[in-house]
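Chain identifiers are assigned alphabetically (A, B, ...) following the order of the sequence lines, protein sequences preceding nucleic acid strands; residue numbering begins at 1 within each chain.
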Number of protein chains: 2
Amino acid sequence: MLNKNVFLEKYFLMTRSEENYLKTIFHLGGGDSKSITTNAIAEQMETKPSSVTDMAKKLSEKGLVDYVRYQGVSLTDAGIKTALSIIRKHRLWEVFLVKKLDFSWDEVHEVAEQLEHIKSEKLIDKIDALLDFPKYDPHGDPIPTKDGKFQERDEKLLSDMPINSNGICVGVKDSSVPFLKFLDKNKIALGNTIKVLDKEDFDNSLRIQMNGKEMRISHQIASNLYVKKND
Amino acid sequence: MLNKNVFLEKYFLMTRSEENYLKTIFHLGGGDSKSITTNAIAEQMETKPSSVTDMAKKLSEKGLVDYVRYQGVSLTDAGIKTALSIIRKHRLWEVFLVKKLDFSWDEVHEVAEQLEHIKSEKLIDKIDALLDFPKYDPHGDPIPTKDGKFQERDEKLLSDMPINSNGICVGVKDSSVPFLKFLDKNKIALGNTIKVLDKEDFDNSLRIQMNGKEMRISHQIASNLYVKKND
DNA sequence: ATCTATTTTTAGTTTTGTCTAAATTTAAAT
DNA sequence: ATTTAAATTTAGACAAAACTAAAAATAGAT
C-alpha cells in the first residue's frame with residue numbers, strides 16, 4: 001500500500017513541467033550518466049537557469065535525477081524510464097496524426113507536445129495497437145517500447161556516406177518546420193533510395209541519385225539526413 | 001493586430017481551470033441566462049465557494065460570464081461559445097475512444113476530461129471527420145457543431161412513456177460508471193427498441209419489451225434512460 | 001597561485017489557483 | 001421589522017513554477 005503510493009506519486013502524479021524537464025534532460029544526453037548543466041537545459045527549454053536549479057532540486061528529491069550543485073543533473077533509472085515513456089507517447093501520437101489524420105510531418109510536433117502528457121496507459125497502448133506497433137516516428141526517430149527499450153538503427157548521415165555507396169533515407173536530424181517543408185518541396189522523403197554519385201570538394205555538396213532521379217544536394221542538407229546503408 | 005491579440009487571449013489562451021469552470025457552468029444551466037450560484041458550482045467541481053468567487057471575477061473580466069456579487073454567474077455569448085467548443089471536444093473524443101479504440105462507454109469520461117483541453121482546431125476537426133461527423137456521443141448526448149449549434153432531440157425519459165408506446169433507447173441521464181456497467185450487464189444498450197408493456201403502480205417499475213425480449217425494470221433505471229418515441 | 005569571467009545558485013517576488021477563517025450580505029421566519 | 005441561519009465574499013496564506021537581481025562557486029588565463 002505504501003509502496004503503491006510511492007509509485008503513484010512518482011509516476012502518475014508527475015506535473016507537465018516535470019515531464020518536460022525529464023524529456024529535455026534525456027534529449028541532451030542525461031540518460032548516459034552524463035551531467036547536463038542547468039544552463040544547457042535552460043537554453044533548450046527557453047527558460048532561466050535559476051528555474052532549472054529549482055526543478056533540479058525537486059526532481060532530485062523525487063529520485064528522478066542525480067543533482068550535484070554547480071555540476072549539473074543526470075537521469076536516474078527511474079528518470080530514464082519516465083522520460084522514455086513520455087518520448088514514446090510523443091512519437092506514437094506523431095505517427096497517429098500522420099497516418100490516421102493526414103497531418104504532414106511538419107505539423108505534428110506541436111500537437112504531440114500536448115498529447116504526450118495525457119495520462120492513460122490504456123489509451124497509448126490502444127493507439128500503439130491501432131498503428132500496428134510502429135517502430136519509428138514520422139521523422140525516423142525510434143519509438144521506445146512499452147518497457148523502455150530503445151531500438152537504435154545502424155544509420156549514418158548522408159554527408160558521411162562514401163561515393164558510390166547506396167542506402168535508404170530513414171530519418172532527419174533537424175526536424176524543424178522549414179527543413180521539413182524544404183524536403184517536401186524537393187520530393188525528399190523517408191524511404192527514398194539514395195546513391196551517392198559524387199562529392200564536390202569545394203563546398204561539400206553532393207551529387208546523388210534519389211529514387212532514380214539525379215539531383216544536387218548541399219552539405220547543409222546532407223548533414224541533416226540519416227541514411228541506412230544497403231550493403 | 002490588437003484585435004487578433006484579444007482573440008488569442010480570450011479564446012486560445014484559456015487555462016485548463018477556466019475551461020473547466022465554463023464547462024461546469026454550462027452544464028448547470030448557465031447558458032440559459034440563468035444565474036448559477038457559486039455554491040452550486042463549488043459542489044459540482046468539488047472545490048470551495050471562495051475559489052469559485054475568485055474565478056467568477058476572472059472570467060467576468062475576460063467577458064466570458066456575467067457575475068453579480070451574491071447573485072451568481074451566467075455565461076455570456078462568448079462564454080457559451082467557448083463552453084460548447086470544450087463540450088464538443090469532450091464528446092468527439094469519447095466517440096473516438098469507443099469507436100476507434102474499443103473503450104467501453106464507462107471508461108471514456110476520465111480520459112476525455114484530459115483530451116478536451118488539447119488546443120488544436122485542426123486536430124478536433126480531423127477527429128470529427130475520421131468519425132464521419134457523429135451527432136451523438138456514446139451516452140447519447142448531442143455533439144455541438146463546429147459553429148456551436150446544439151441539436152436537441154425529441155426524447156423523453158422511459159419512466160414518462162405511456163403504456164403500449166414504442167421507442168428507441170437513445171441516451172442515459174446518469175452516466176456514472178456503476179449505472180453504465182449495470183446497463184451492460186443487463187444488455188440494455190443505446191439503439192435498442194423498447195415497448196412499454198405495463199406499469200406497476202406500487203413501485204413504479206415497468207414491464208417492457210426490449211429488442212423483442214420481455215424484462216422488468218425498476219423506476220430508478222427507467223428514470224435514467226432517454227427514449228425517442230417511434231410514433 | 002591568484003584573478004577574472006562565466007556559470008550557477010540563492011533570495012526574494014510574481015502569477016495562478018487554491019484554501020481557511022472571518023466578515024458581510026441575503027433570505028427566511030417570526 | 002427584526003432576528004437568525006445560510007450563502008457568499010473578502011482577506012490573508014500557501015504551493016507550484018516561473019522570474020530578477022545579487023551572491024557564490026567554478027574554471028580558465030596569466
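Summarising the geometry, the separation between NZ on Lys48(A) and C1' on dT13(C) is reported as 16 Å, rounded to the nearest angstrom. Distance, Asn39(B) CG to dA27(C) P: 13 Å, rounded to whole Å. For Lys57(A) and dA16(D), the NZ to P distance is 14 Å, given to the nearest whole Å. For the pair Gln71(B) CD and dT25(C) C1', the computed distance is 10 Å after rounding to whole Å. For Arg69(A) and dA27(D), the CZ to C1' distance is 17 Å, given to the nearest whole Å. Separating the CE atom of Met14(B) from the C1' atom of dT16(C) is a distance of 14 Å, rounded to the nearest angstrom. Atom OH of Tyr67(B) and atom P of dT8(D) are 10 Å apart (whole Å). Atom pair Ile41(A):CD1 and dT8(C):C1' shows a separation of 12 Å (rounding to whole Å applied).
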Ring pair (Phe, Tyr, Trp, His ring centres under 6.0 Å) between Phe96(A) and Phe96(B), intermediate numbers included
CA-CA 13 Å; Phe96(A) 171 77; Phe96(B) 171 78; 5.5 Å; yes
Set out, in order, the CA-CA distance, both residues' side-chain angles and the distance that settles side-chain contact (heavy atoms from CB on, under 4.5 Å) for Thr47(B) and Tyr21(B), then state yes or no.
CA-CA 11 Å; Thr47(B) 182; Tyr21(B) 272 98; 4.0 Å; yes
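For Ser50(A) and dT20(D), a side-chain-to-base donor-acceptor distance below 3.5 Å is present, hydrogens and geometry of angles not being considered.
Side-chain nitrogen and oxygen atoms of Ser51(B) include none within less than 4.0 Å of the OP1 or OP2 phosphate oxygen of dT18(C).
If you check the side chains of Asn39(B) and Thr37(B), you find no donor sitting under 3.5 Å from an acceptor. If you check the side chains of His117(B) and Asn20(B), you find a donor sitting under 3.5 Å from an acceptor.
With distances taken from any side-chain atom of Ser17(B) to the nucleotides dC19(D), dT8(D), dT18(C), the minimum falls on dT18(C).
Comparing Tyr70(A) and Asp54(A) by the nucleotide of DNA chain D that holds the closest heavy atom to each, the one mapping nearer the 5' end is Asp54(A).
Nucleic acid contact for Thr38(A): sugar-phosphate only, since backbone atoms but no base atoms lie under 4.0 Å from a heavy atom of the residue.
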